[in-house]
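Down below is the structure, laid out as structure tokens.
Order of listing sets the numbers, starting from 1, for every ligand and every atom in it.
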Amino acid sequence: MAKIVAFVNQKGGVGKTTSTINVARYLADLGKKVLLVDLDPQGNASSGLGIDPRGLEKNLYHAMIGGLSPKEIILSTETEGLHIIPAAQDLAGAEIEMVHIDAREFRLYSVLRQVRSFYDYILIDSPPSLGLLTVNGLVASDEVVIPVQAEYYALEGLSQLLGTIELVRERLQPNLKIMGALVTLFDRRNRLARQVVSEVQKHFPGPVFETIVPRSVRLAEAPSYGKSILDFDAFSKGARAYKAVAKEIIAREEAVQ
Ligand code: ATP
Ligand code: MG
């Protein structure tokens, strides 16, 4: 049974999509069967893996709202063992349409339940909000990774996010755990960034990934070629970091078994 992990932060541009894509790619490289779920109407995870969501007839929307089997929307990627459920702009409408349907927080859960046994990991890339789509992602997940940008204001809004996770735990998914905060976009020449890292390590009420993802131009360039960092520049510092993050995730799982 797959472990389902949502990458969540309502703040925009903190590295959710970059982290989801590259962790997924490295988990596949380490021999795991991985499904990446693009839960963001922006479709960045889809396009970042070379899939143009506008050119597709079906996407996550049609499974969450239209009742289509996920098997009809899962696509394979260039990487063996890495599949994706793409998203497109119509998913933004789902947020509104879902308000009127039963068990609206469980739509994604019901979709993923149908394919969970085929994978080792299902990673969910969330949109930058705490709306119903993100709540669907949390309810469907076993664990949450919170990418945190190493910059001023990084920790602002984190208590709101932790509050939402707590509410989901109390009312919808009691077993939801925080896998960890992941510091991203770190510039070691920047004193403030170093302060943010120690703040997170000291005050984040949960585990923090040992790996810190550096700011790296190569990581920012890769999505415009539709490639993960492993396929774009496997020897860059960003590549090494995401490989280490994937290994931490696997190691943690092995430690509890
Ligand atoms: P959104 O909230 O809009 O979905 P996000 O949290 O998913 O954003 P990303 O899209 O992963 O964030 O990253 C925001 C921007 O920063 C992108 O242009 C991305 O390429 C770039 N970026 C992400 N991580 C890094 C990094 N470590 N080094 C350099 N650029 C990065
Ligand atoms: Mg994103």
Over 12 non-hydrogen atoms of neighbours within 6.0 angstrom of NZ in K243: no

Backbone N/O of S110 and side chain of Q114: donor-acceptor pair under 3.5 Å: yes

Does any N or O in the side chain of S126 come within less than 3.5 Å of the main-chain N or O of F7, such that one atom is a donor and the other an acceptor? yes

Less than 3.5 Å apart, any donor N or O on the side chain of D125 or N44 sitting next to an acceptor on the other? no

List, one per line, each side-chain donor-acceptor pair under 3.5 Å for residues 130-146, sequence neighbours excluded.
from : atom 1 : to   : atom 2 : distance (Å)
T134 : OG1    : S129 : O      : 2.7
N136 : OD1    : R107 : N      : 3.0
N136 : OD1    : L108 : N      : 3.0
N136 : ND2    : R104 : O      : 2.9
N136 : ND2    : L132 : O      : 3.0
S141 : OG     : G137 : O      : 2.7
D142 : OD1    : R116 : NH2    : 3.2
D142 : OD2    : I4   : N      : 2.8
D142 : OD2    : R116 : NH2    : 2.6
E143 : OE2    : K3   : NZ     : 2.8

Return the set of residues passing ring pair (Phe, Tyr, Trp, His ring centres under 6.0 Å) with H83 (not counting sequence neighbours), or none when no residue passes. Y119

Should T184 and T18 count as side-chain neighbours, where that means a heavy-atom distance under 4.5 Å? no

With a 4.0 Å cut-off on N to O distance, would you call R215 and E151 a salt bridge? yes

Check for me: within less than 2.8 Å of the Mg ion (ligand 2), which protein N/O/S atoms show up? T17 OG1

Neighbouring residues of ligand 1, heavy-atom cut-off under 4.0 Å: K11, G12, G13, V14, G15, K16, T17, T18, D40, Q42, P128, L185, V213, P214, R215, S216, L219, A220

Minimum heavy-atom distance G13-Q149, with the two atoms named: O-OE1, 3.4 Å

